[in-house]
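For reference, the structure is listed below as structure tokens.
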Amino acid sequence: MMGARAEDAMPATWPFLSHLFDEVERTGQAFSMPEFEMSVHKSSGFLEEAWYDGIWSPVRGLDGFIEGFYNSGFEITRLKLLDRRSRLLHSISKTLNFHNSSPWQHILDACELFDRDVPMLILYSAHAEEVTQSNCCALRLEGCLGIPPGHQAAPMTLELHDGSEGFLPEFRSSKANGTAVLLNMPNNKLPTFLDGVQWRGFGEPSTVVAIIPLFVTGLIAGYLIVGLNPRRPYDEDHKQFVQDVGRVSTAVLSSSISFKQAAARAARLSKELTERERFIRKLAEVATVGIYSISAGGALTYANSKYYAITGESDKPEDAYNLSFLKWILEEDHNKAIHDFEDCKLHKRPQSTEIRLRRKWTPPGSSAEEHRWVLCSSIPNIEDGEVTGVTGCLMDISHQMWNLILQKNSAHAAEEAKKQQERFIDITSHEMRNPLSAMMQCADGITTSIEQVKRSCGGSDLTEPLESVREHAQTILFCAAHQKRIIDDILMVSKLSSALLIITPVLVEPSEVVRQAMQMFEAEFSASSILTTYALEKSYNVKWVLCDPSRLTQILINLLTNAIKFTKTAVKREINVSLGASTVGPPANMSELRWCPKGAKTIPEFCGNEEVFLTFSVQDSGQGMSTEEMSLLFKRFSQANHRTHIQYGGSGLGLFISRELTELQGGMIGTFAFYIKARRATSQEALTQPNPSSTPSTSRRPPIRQRSFPNGAYHILIVEDNLINQRVLSKQLQRLGCTVHIANQGLEALAFIRTSRFWSENAGVGRELDVVLMDWEMPVCDGLTATKRLREMEQQGLITEHLTVIATTANARPEQVDMAFAAGVASAYSMIPSHFCCASADWNDVQDDLLAKPFTVVQVMAKIESL
């Protein structure tokens, strides 16, 4: 059974167990089900009645989701049957007023409630008469269960020694032997005279019928014909049950004959019950669980040796006082133990709970001691409708609970490790991108200055040195851009390895995504004299789809970067990009491509219309590759050959990242084309998207100014702790005609705002300010905290107008962007490109934004002007 699926290993019990597992999965909570029935199919085809007491617990993985179930169950069939049969025997042996009822009716009434143990019953009284030549014994029907009136199996009268029909042969045999005789009926092979019997209980014919003779004072007094439980084998317990039924029924008959015989019967039964009790006590002593009995007041009335061994409690009588069981329970669990004890008595229902003991133990591989755990299962003792106490058992579950706690701690440690990893990525990104930003801005400043000098000097002979400086500046820009691509690749791989990447589908036009991706490289295409074409294939018959445009753009950027790198040194320089669509993947028109084998990934599903596979092709005229070189593509840190890195550079991660992103979107990548899975959207859906200019803002915010700025003459507050970035960015902005103010951290920025005309107490008189460039990571008060405080001031009316904030950060993970939005840095939709929108957007007038480092002053000005 190990390793097999549950429904395959347990086909008979799985329909029942599946509901229990579904309930655990639905609630996410462990629960117990004491005393439940579950029939078991034996290999012989025999369907057996079985009872269990079990606990179902969810097993959670490191990510907190349920990955399996743990079931600790105990079969209590024997105890259940013994209890049921004991109650039957008790019902038969109850004291009877024979003035109002006959002993036969009493036996019939007692058995009627136990239809499983007595599916069929026929009672005959015997009336013996001694005749000179032969012994005659007339049998008279006294009652039956499961037998229709007038049935052939139960004639009203019979003569014991005359004939062989029905049960007469078994009657004579049992009388002669003085014991019960069994009529075996395997495989439902019933005697014909039992046809038409209305079997009680399971509604199945008994496989064994017991004919029990009843003797009083040595003479035959009658017979019990008992059909036995068809779903239990005839074992020693069943045999004992038959004997007990005969014994107590005989006692009932005896008690009706004379008081003296009744007294003798009571003494005999008392002795047998004492022996039975002694036998049960012996069973309790050899049990592997602690068994106890507690009075209604909470005093311990019985406990086996295992109970004392588990709890470490004294077995002295003077220690058994009310609620004395609390002595061995940890004080923090006293209330739980008392609550369950009282609940068991009040509601008259079983209880099961985990409790910690005062006793300690040392887990394996640990030097620290832990409190022991026990599973305490209790049932109420009910007599005449009143609860007289509680009986139950204790099982040491210290190892199981220790394992559960260990798993919980491991999951918590893994979660903390993941957070630390994210923090490491953030710090690394910040520390690497900050100097890059300064490098790019310096180089950009040099290039701009040279152009200004060349225009102002006219014919002066400065061409050669200025050209040299310009080339150096372009080299700095190239190196910084190259380093940025490598850093981005490394951070992207870290996210992929840590499962931090999320696919977010939105409504988008794929053709516009490709067009904008190509526009990003127009300068490089022009500088390298590369001819580009972009075509829509005949198969492209969609306009709007649901997919993740940011991840799609990332793949296109990697492929275009690769194509530029290998094409710009070629004699023929062409890059051809095409877009198509298909209803199957991989598309038929791309069957000749060499696809990279898919990895094992969980692909997210999202709602929409029919599936559509978007196909993208990026072909270049650069140097080709051999089959061996192609096999190395799309692998981490791999390039076609060792000369590729020397000649073209790169980290060897770009195509690997493209493969991962493609597979996350349900597609595949090859050389050099790929496809992704999307959902088709209708033009009507696109038309119903919210319009940024038509939907009013739902948040309370100060009025937004409508103003223009001649020649880009903005008043800008730079909030930045990096002195180099301060100096470089402020000089470049000043060169463009901007008025620049500096704050080293968030508190200084808030202090400056109090001196501006935005501050309500200044009555519109103060320093001019148009936009705040707010760095994220700063000492004393970071950018998010400062921005959140600024928005609170706007809500309180301390700031009279909405103040535009552009966050400048090296951290741009989606969850970090969400943090910025929550702090009031940017509208959640100000980062969405114009070619797609989100159906659930709550559009506001966009007055804030976020700018990821590194950036140039041109990008800063473009961002400000766009707002």
Side-chain angles (χ1 to χ4, degrees), residues 34-35 51 53 74-96 107 110-111 113-114 117 180 212 232 235-252 254-255 261-311 313-317 319-320 324-325 344-345 348 350 376-395:
E35 200 172 284
W51 293 81
D53 189 344
F74 307 92
E75 184 175 2
I76 58 171
T77 306
R78 191 165 184 268
L79 292 176
K80 178 69 175 178
L81 294 178
L82 286 175
D83 175 71
R84 200 167 68 200
R85 292 167 181 172
S86 296
R87 288 189 285 113
L88 170 58
L89 297 175
H90 180 71
S91 297
I92 296 175
S93 61
K94 277 185 179 179
T95 302
L96 177 67
I107 294 172
C111 293
L113 299 176
F114 299 85
D117 296 303
I212 307 172
R232 291 301 304 173
D235 52 15
E236 288 300 320
D237 287 341
H238 226 151
K239 181 179 179 182
Q240 185 65 47
F241 170 66
V242 172
Q243 293 175 356
D244 290 342
V245 169
R247 184 182 65 253
V248 297
S249 299
T250 298
V252 170
S254 299
S255 66
Q261 290 176 337
R265 168 184 167 275
R268 185 170 63 254
L269 284 177
S270 177
K271 180 181 178 181
E272 290 174 355
L273 290 173
T274 301
E275 292 175 353
R276 193 72 173 173
E277 182 181 357
R278 188 181 299 114
F279 173 72
I280 293 175
R281 284 181 178 270
K282 287 181 179 179
L283 286 179
E285 288 303 315
V286 298
T288 57
V289 295
I291 300 174
Y292 60 86
S293 181
I294 300 175
S295 69
L300 185 67
T301 58
Y302 170 78
N304 66 347
S305 56
K306 189 66 176 179
Y307 171 90
Y308 293 112
I310 292 174
T311 63
E313 191 57 41
S314 168
D315 59 355
K316 296 179 181 179
D319 293 330
S324 59
F325 58 83
C344 182
K345 293 190 301 178
K348 300 179 182 179
C376 180
S377 300
S378 304
I379 57 173
N381 300 329
I382 303 175
E383 293 184 9
D384 298 328
E386 296 295 327
V387 177
T388 60
V390 170
T391 299
C393 64
L394 295 177
M395 184 174 68

Practice item. Could you give me the CA-CA distance, side-chain angles and deciding distance for Leu300 and Phe325, then say whether side chain to side chain contact (heavy atoms under 4.5 Å, CB included) is met? Key: CA-CA 7 Å; Leu300 185 67; Phe325 58 83; over 6 Å; no

**Study point:** salt bridge (Lys or Arg N to Asp or Glu O under 4.0 Å) between Arg281 and Glu285, intermediate numbers included
**Key:** CA-CA 6 Å; Arg281 284 181 178 270; Glu285 288 303 315; over 6 Å; no

Exercise for review: Decide yes or no on salt bridge (Lys or Arg N to Asp or Glu O under 4.0 Å) for Lys80 and Asp83, but give the supporting numbers first.
Suggested key: CA-CA 5 Å; Lys80 178 69 175 178; Asp83 175 71; 5.3 Å; no

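Within the 4.5 Å cutoff, the side chain of Leu283 has heavy atoms near those of the Arg78 side chain. Residues Val245 and Arg85 fail the side-chain proximity criterion, which asks for heavy atoms closer than 4.5 Å. No side-chain heavy atom of Phe241 sits under 4.5 Å from any side-chain heavy atom of Leu81. Contact check for Val248 versus Val252: no side-chain heavy atoms found under the 4.5 Å cut-off. Between Arg84 and Trp51, some side-chain heavy-atom pair lies under the 4.5 Å cut-off. Ile382 has its side chain out of reach of Thr388: every pair of non-hydrogen atoms, C-beta onward, lies at least 4.5 Å apart. Taking the side chain as every heavy atom from C-beta outward, Phe74 and Ser377 never approach each other to under 4.5 Å. Using a 4.5 Å heavy-atom threshold, the side chains of Asp117 and Arg87 count as separate.
Taken to the nearest 0.5 Å, the CD1 atom of Ile92 stands 10.5 Å off from the OG1 atom of Thr250. Of the inter-residue distances, the one linking Leu273 atom CG with Glu275 atom CD reads 9.5 Å to the nearest 0.5 angstrom. Atom OG of Ser270 sits about 15.0 Å away from atom CZ of Arg276, to the nearest 0.5 Å. Here the straight-line distance linking atom CD1 of Ile76 with atom SG of Cys393 works out to 9.5 Å at 0.5 Å rounding. In this structure, CD1 on Ile280 lies 6.5 Å from OG on Ser86, to the nearest 0.5 angstrom.
Of all heavy-atom pairs between Ser378 and Val390, the closest is CB-CG1, 3.4 Å. Of all heavy-atom pairs spanning Ile310 and Gly290, the tightest one is CD1-N, 3.9 Å. Closest heavy-atom contact between Thr77 and Arg232: CG2-NH1, 3.5 Å. Heavy-atom minimum distance, Ile212 versus Gly246: CG2-CA, 3.6 Å. Minimum heavy-atom separation, Ile379 to Cys344: C-SG, 3.9 Å. Residues Lys306 and Thr288 come closest through the heavy atom pair CE-O, 3.4 Å.
At least one donor-acceptor pair closer than 3.5 Å links the side chain of Asn304 to the backbone N or O of Ala284. Between the Lys348 side chain and the Gly385 main chain, a donor and an acceptor come within less than 3.5 Å of each other. Checked by atom type and distance alone, the side chain of Thr301 pairs as donor or acceptor with a backbone atom of Ser293 at under 3.5 Å. With hydrogens and angles ignored, the 3.5 Å screen pairs a side-chain donor or acceptor of Lys345 with a backbone N or O of Ala296.
Within 6.0 Å of CD on Glu383 lie no more than 12 heavy atoms contributed by other residues, nucleotides or ligands.
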